[in-house]
Structure formats: C-alpha cells, structure tokens
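The structure appears below as structure tokens.
In this text, all values refer to a predicted model and were calculated from it rather than measured experimentally.
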Amino acid sequence: MSTACHGVRGFFSISAAAMTIVVTTAVVLLSGPQLAAGARVLINHAELRRRDIATAAGGGGGDGACATAVAPFGYPCEEHEVTTQDGYILGLQRIPRGRIGGVTGGGAAAARQPVLLQHGVLVDGMTWLLGSPEESLPYILADQGFDVWIANNRGTRWSSRHVSLDPKSRSYWNWSWDDIVVNDMPAIVDYVCSHTGQKPHYVGHSMGTLVALAAFSEGRMVDKLKSAALLSPVAYLSHITTPIGVVLAKAFAGELISDLLGIAEFNPASPQVSNLVRTFCRKPGMNCYDLLTSFTAADIFLKYEPQPTSTKTLIHLAQTVRDGVLTKYDYVMPDANVARYGQADPPAYDMAVIPAWFPLFLSYGGRDSLSDPADVALLLDDLRRRGHAGDRLTVQYLPQLAHADFVIGVCAKDLVYNDVISFFRRFH
C-alpha cells in the first residue's frame with residue numbers, strides 16, 4: 001500500500017473547553033475523530049476559507065447545510081424535510097448532480113441513481129462535507145453522476161424540530177437509536193424513493209451502519225434499497241479498546257447522566273456533560289489528551305461539530321458494550337421490558353437473518369478501536385451463516401485505517417470510495 005496516503009501527525013494547542021468537546025465527541029463510544037497514527041485528515045484549509053468567504057457573502061442563501069457547506073463549492077443543493085411517524089422533523093440535503101462545468105455537471109437529476117448517506121452518533125450530515133470536493137464522498141458521488149441525499153439524525157442542528165414537543169423538554173429526548181431504526185430511516189428512505197422514483201443505494205458510517213443492520217435484520221428497507229455500503233460497520237462492541245469509552249460504558253455513565261443529573265439531551269458542549277467527561281479524564285491511567293494528537297484540524301471540526309444526541313442512545317450503546325449482544329433498549333427492570341416488549345429481556349437484533357440476496361459492501365480498518373476487526377469478524381460470521389456470499393457480500397479490510405479515516409481520511413477516495421462506487425455500479 002502506498003505510503004503517500006500518510007502524512008506527519010499534526011500537533012496543536014487547544015483550549016480546555018474545546019479539548020473537552022473533542023474528547024467527548026471522540027470517545028463516548030462510537031463516531032468521534034479517531035484516525036490511524038500518522039494519517040492525515042482530508043480537511044483542506046484553503047478550500048474551507050474559500051467556502052467561509054462565499055458563505056459570509058451570502059453564497060447559497062439561508063443558513064442550512066446547503067448554504068453553509070455545499071453551494072460555495074459550486075454544487076447545486078436542495079434542503080428537504082421529512083416528518084417521522086412519531087413527529088420528528090428531519091432535515092435532508094440533496095446534491096442532485098455534479099458541479100456546473102464539471103465532468104458530470106448539469107443535466108437533469110431524474111435519471112441519476114440516488115445514494116443516501118447516514119452519519120454516526122454525536123455528529124450530523126455535515127461530517128461528510130468537511131473536506132474538499134476532490135476528497136469528500138458526497139461531492140465525489142455527485143461528480144460521478146449520482147443523486148446524493150444526506151440524512152441528519154433527530155436532535156442535530158438541522159433536525160431539531162418536532163410537530164408538538166419542545167426540543168428543550170425531556171420528552172423530546174426520550175428516544176434511543178431503536179427509534180431511528182423504526183421511524184427515521186424508513187421515513188427518509190420512503191421520501192427519497194418517492195422524490196426520485198428509484199431505490200437508493202445506502203452508505204452508513206459507524207452508528208449509521210448499526211441502525212441499517214438493525215433495520216435489515218427486521219426486514220425493514222431491504223425491499224426499498226438497491227444495496228448498502230457499511231463503513232466501519234458496527235453490530236458488536238465487545239472488543240472496543242478506546243480506554244475512556246470502555247470506562248464510560250462499564251461505569252454506566254449514560255445511566256449516571258440520565259438518572260442522577262437528569263440530563264436527557266447529551267450535548268458535548270454543555271457544562272454538565274463536559275464536566276463529567278473531565279472527571280473521567282482525571283482517573284489514573286486515563287489519558288484523554290493523546291486523542292488530540294491524531295486529529296490535525298480540530299479547529300475546523302469544532303466549527304461544525306459535535307452535535308447532540310439523546311442520553312438514552314448512549315445508554316443503549318453502553319449496554320451493547322457491556323452485554324456483548326445487540327438488543328433493543330434494555331429498561332433493566334423486567335416489568336418495564338414486559339410492558340414494552342412483552343418479555344422480560346429486550347429482543348435481540350439477529351444479524352444472521354439479514355436476507356442473503358441483499359447486496360452488502362463492508363469496509364473496515366485494522367487500527368479501528370471502535371469498530372474492532374474482531375467484532376467485524378463476528379458480524380461477518382453471522383452474515384455468512386445465512387448464506388451471504390459472492391457478489392452479494394463484498395468485504396474490504398484496510399489494515400492502516402482507523403475509525404474516522406473512512407469519512408475524513410485523506411486517502412479515503414483512493415482506498416475506499418472508488419470501490420464503493422464500483423460496487424454500486426454492479427447493482428445499478
């Protein structure tokens with residue numbers, strides 16, 4: 001593998017508050033900016049300065065993701081809204097074609113194959129858009145002739161409304177990622193299908209793979225998608241090695257935040273959450289600072305991320321780490337589980353029942369301490385036991401990549417995205 005993909009690790013100074021936000025985002029279980037040692041993020045400061053100048057000058061209009069991130073690069077972009085069955089109003093961005101004047105720019109979007117991108121926890125759709133058009137997946141897909149749709153989870157900046165609930169209320173935050181499986185993803189997929197007249201391909205990263213796999217295991221969306229590309233796939237978390245993530249999970253940190261502090265919204269920027277993370281970082285042998293050395297553009301990342309999620313979602317993820325199995329949210333008390341599920345224990349999501357005919361592309365890294373190769377191996381065993389094989393299961397192992405390299409790694413295009421596009425074209 002060429003070493004040209006790897007640059008010198010960048011070191012920088014950062015305020016204590018900003019450090020806490022990065023640490024919280026990076027290690028509270030799933031989708032923080034954990035990159036391989038020596039790897040560079042793709043963020044292009046000159047491009048971002050150009051984008052910021054264009055945005056400040058009113059490029060694109062408005063204050064959504066289209067105006068903030070996409071229009072200044074010369075791409076067409078549309079803001080859409082989807083309302084879930086339980087009343088959450090989700091923002092969705094669409095890049096219907098490539099740059100005007102580009103190789104595939106212009107032309108009608110109707111015939112273009114749609115692709116839906118789903119981000120991980122504690123970030124939003126903006127995480128796909130932090131780099132230059134030459135290195136970020138949405139722009140690459142658009143320039144390759146795809147119709148790109150970017151999802152934003154409930155509770156994040158462009159999905160923060162509800163038909164009746166106040167986002168500042170505990171009721172608004174009373175959900176876990178189970179609810180994304182049951183309500184958000186089907187609503188978004190149905191919306192894309194109805195607006196394009198086609199089944200989209202799906203790309204998920206981190207928790208974006210978890211909600212997809214859980215949905216597929218229950219027969220959801222498989223008949224409405226053409227295929228799914230899962231980057232840093234997560235179904236099992238038994239081998240997670242991020243130190244503070246393990247400590248938080250084993251210490252029931254989510255329950256601590258929710259029950260003792262009464263925090264239903266997990267916002268990494270809030271004083272309550274950041275103070276709690278500082279407390280964990282002071283534990284003997286717990287070095288939170290070394291995480292910073294693997295992220296060379298925290299100033300840019302912090303301008304747009306992290307994003308809130310529900311504390312209940314983090315509790316649910318912690319349960320997966322502690323229990324070693326993937327189940328629906330465990331209310332712990334048997335009576336509460338019986339009232340919710342009709343049984344004393346929460347039902348399991350069985351990866352082995354995902355239909356073998358549904359095309360899957362899995363790409364994972366050898367330096368990923370969140371989507372550990374041993375846990376991915378368990379998932380692959382489940383899939384193959386059902387009969388997933390041949391062109392219906394494409395597996396890519398990249399020993400030099402870590403968790404966030406699949407979204408903001410400087411060589412993601414050459415190592416991952418080109419293969420994803422080739423996979424999609426097989427099922428066009």
Side-chain angles (χ1 to χ4, degrees), residues 1 30-31 34-36 115-121 128 137 140-141 151 177 181 185 200-218 220-222 225-241 320 326 349-409 411-427:
M1 196 69 65
L30 269 183
S31 74
Q34 179 239 354
L35 291 99
V115 178
L116 174 63
L117 307 186
Q118 176 62 49
H119 61 82
V121 70
W128 297 105
L137 181 56
I140 292 169
L141 287 169
W177 58 260
V181 172
M185 294 312 303
H201 294 293
Y202 179 94
V203 180
H205 176 251
S206 194
M207 199 179 80
T209 71
L210 177 63
V211 295
L213 287 165
F216 299 159
S217 76
E218 295 189 326
R220 303 177 191 274
M221 301 194 303
V222 287
L225 294 173
K226 282 195 171 180
S227 73
L230 308 178
L231 313 181
S232 294
V234 172
Y236 299 98
L237 289 168
S238 302
H239 297 86
I240 184 173
T241 56
T320 304
L326 187 63
Y349 289 107
D350 187 356
M351 299 294 104
V353 302
I354 295 175
W357 55 262
F358 184 71
L360 293 173
F361 176 98
L362 275 67
S363 185
Y364 66 109
R367 298 186 182 184
D368 195 332
S369 62
L370 298 169
S371 176
D372 188 275
D375 286 326
V376 176
L378 295 174
L379 170 61
L380 290 171
D381 286 344
D382 284 346
L383 295 173
R384 287 166 176 153
R385 188 164 69 250
R386 174 73 183 203
H388 252 107
D391 67 349
R392 302 291 157 163
L393 180 61
T394 300
V395 180
Q396 180 186 61
Y397 174 65
L398 299 165
Q400 75 274 46
L401 294 193
H403 199 68
D405 288 324
F406 290 88
V407 178
I408 54 176
C411 281
K413 178 181 183 294
D414 292 334
L415 298 181
V416 183
Y417 302 160
N418 288 341
D419 288 336
V420 168
I421 291 171
S422 296
F423 170 78
F424 286 162
R425 294 204 190 284
R426 296 211 309 266
F427 302 97

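- Annotation: side chain of Asp382 is in contact with side chain of Tyr236 (closest heavy-atom distance under 4.5 Å).
- In this structure, a donor-acceptor pair under 3.5 Å is present between the side chains of Ser206 and His403.
- Scanning all heavy atoms of the two residues, the minimum distance from Ala229 to Val420 falls at CB-CG1, 4.0 Å.
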Checking Met185 against Arg220 for the side chain to side chain contact (heavy atoms under 4.5 Å, CB included) test, could you report, in this order, the C-alpha distance in whole Å, the side-chain angles of both residues, the deciding distance, and whether it holds?
CA-CA 9 Å; Met185 294 312 303; Arg220 303 177 191 274; over 6 Å; no
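- By the 4.5 Å heavy-atom criterion applied to side chains, Phe406 and Leu401 are counted as neighbours.
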Hey, mind stepping through Ser363 and Leu230 against side chain to side chain contact (heavy atoms under 4.5 Å, CB included) and telling me if it holds?
CA-CA 6 Å; Ser363 185; Leu230 308 178; over 6 Å; no
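- Judged by distance alone, the side chains of Ser232 and Asp368 do bring a donor and an acceptor atom under 3.5 Å apart.
- In this structure, NZ in Lys226 is found 11.0 Å from CZ in Phe427, a value given to the nearest 0.5 Å.
- A 4.5 Å side-chain heavy-atom check between His205 and Gln118 finds every atom pair outside the cut-off.
- No side-chain heavy atom of Leu137 sits under 4.5 Å from any side-chain heavy atom of Val115.
- Looking at every heavy atom in both residues, Pro233 comes nearest to Thr209 through CA-OG1, 3.3 Å.
- Using the six-membered ring where Trp is involved, Tyr202 and Phe216 have ring planes that are perpendicular, over 60° apart on the 30 and 60° scheme.
- Residues Leu360 and Ser227 have side chains not in contact (no heavy-atom distance under 4.5 Å, counting atoms from C-beta outward).
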Apply side chain to side chain contact (heavy atoms under 4.5 Å, CB included) to residues Trp357 and Val222 and explain how you reach the verdict.
CA-CA 10 Å; Trp357 55 262; Val222 287; 4.1 Å; yes
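- Using a 4.5 Å cut-off on side-chain heavy atoms (C-beta onward), Leu383 and Leu362 make contact.
- Rounding to the nearest 0.5 Å gives a distance of 9.5 Å between CG of Leu379 and CG of Leu326.
- Put simply, the side chain of Asp414 never gets that close to the backbone of Cys411: no donor and acceptor are under 3.5 Å apart.
- In this structure, the side chains of Leu116 and Val203 stay at 4.5 Å or more apart for every pair of heavy atoms.
- In this structure, the separation between CG on Leu237 and CG on Leu378 is 10.5 Å, given to the nearest 0.5 Å.
- Nearest heavy-atom pair across Val407 and Tyr417 is O-OH, 3.3 Å.
- Listed here is the closest heavy atom pair of Gly365 and Pro373: O-CG, 3.5 Å.
- The backbone N or O of Phe358 lies less than 3.5 Å from no partner atom in the side chain of Arg392, so there is not a single donor-acceptor pair.
- The line from NE2 of His119 to CE of Met207 is 7.5 Å long, rounded to the nearest 0.5 Å.
- A 4.5 Å side-chain heavy-atom check between Ile140 and Ile421 finds at least one atom pair inside the cut-off.
- Lys413 NZ to Asp419 CG: the interatomic distance, rounded to the nearest 0.5 Å, is 11.0 Å.
- Residues Phe423 and Asp391 come closest through the heavy atom pair CE1-O, 4.3 Å.
- Taking all atoms of both residues into account, the shortest heavy-atom contact from Val395 to Arg384 is CG2-NH2, 3.8 Å.
- For the pair Gln396 (side chain) and Leu415 (backbone), a donor-acceptor distance under 3.5 Å is present.
- Between Arg426 and Thr394, the side chains place a donor N or O and an acceptor N or O closer than 3.5 Å (distance only, hydrogens not considered).
- Here the two rings, on Tyr349 and Trp177, have centers that are under 6.0 Å apart.
- With rounding to the nearest 0.5 Å, the separation of NE2 in His388 from CG in Asp381 is 14.0 Å.
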